[in-house]
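Values below: every heavy atom of this structure, side chains too, minus hydrogens, waters and symmetry copies.
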Amino acid sequence: MIERRSVQYSGVLHWHARWGRLVFIAVTLVGFGLSFLPFTELVTKVFPVIGWLGVLFVAVLLVTWLVSARTHIAEEGLRGDLY
């Protein structure tokens with residue numbers, strides 16, 4: 001028999017859940033407001049912003065990958081010295 005338990009948020013988890021709801025509501029309201037703009041104006045203003053955010057995202061992923069690769073190489077070097 002499967003016991004169902006209610007999930008209660010405490011501390012940081014509760015704060016994140018509430019923050020997530022607020023962000024969701026804010027993004028939804030902004031999207032609803034933008035839906036009243038003409039499509040051509042929306043495309044000319046929003047698409048470049050999304051494109052630059054994509055470039056920024058790729059740069060962050062690349063830097064994170066390079067930093068983690070260096071960390072792994074350094075750890076392997078330390079392990080090699082121990083043996």
Side-chain angles (χ1 to χ4, degrees):
M1 184 161 139
I2 299 174
E3 182 181 331
R4 299 184 96 187
R5 297 180 188 183
S6 64
V7 177
Q8 294 180 346
Y9 294 107
S10 62
V12 174
L13 289 177
H14 179 65
W15 181 81
H16 282 293
R18 203 166 30 168
W19 178 253
R21 279 191 211 119
L22 291 174
V23 168
F24 174 74
I25 290 170
V27 168
T28 303
L29 290 174
V30 167
F32 181 71
L34 288 174
S35 71
F36 292 107
L37 290 175
F39 184 73
T40 54
E41 187 176 339
L42 185 67
V43 168
T44 57
K45 293 188 179 185
V46 174
F47 277 15
V49 172
I50 292 173
W52 283 111
L53 287 174
V55 170
L56 178 66
F57 182 68
V58 168
V60 168
L61 286 176
L62 183 64
V63 168
T64 303
W65 179 68
L66 289 172
V67 168
S68 69
R70 285 187 181 179
T71 305
H72 291 304
I73 291 171
E75 287 176 358
E76 288 177 11
L78 289 175
R79 276 191 228 123
D81 292 342
L82 291 174
Y83 295 110

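Criterion: ILVMFWY side-chain heavy atoms under 4.5 Å apart, direct or through other members. Under it, Phe47 and Phe39 are part of a common hydrophobic cluster. Hydrophobic clustering keeps Val27 apart from Leu53 (ILVMFWY residues linked when any side-chain heavy atoms are closer than 4.5 Å, directly or through intermediates).
Smallest separation of non-hydrogen atoms from Leu42 and Leu37: CD1-CD1, 4.2 Å.
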Evaluate Phe32 against Thr28 for side chain to side chain contact (heavy atoms under 4.5 Å, CB included), listing each step before the verdict. CA-CA 6 Å; Phe32 181 71; Thr28 303; 5.6 Å; no
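Under the side-chain contact (heavy atoms from CB on, under 4.5 Å) test applied with Trp65, the options Val63, Leu61, Leu62 reduce to a single match, Leu62.
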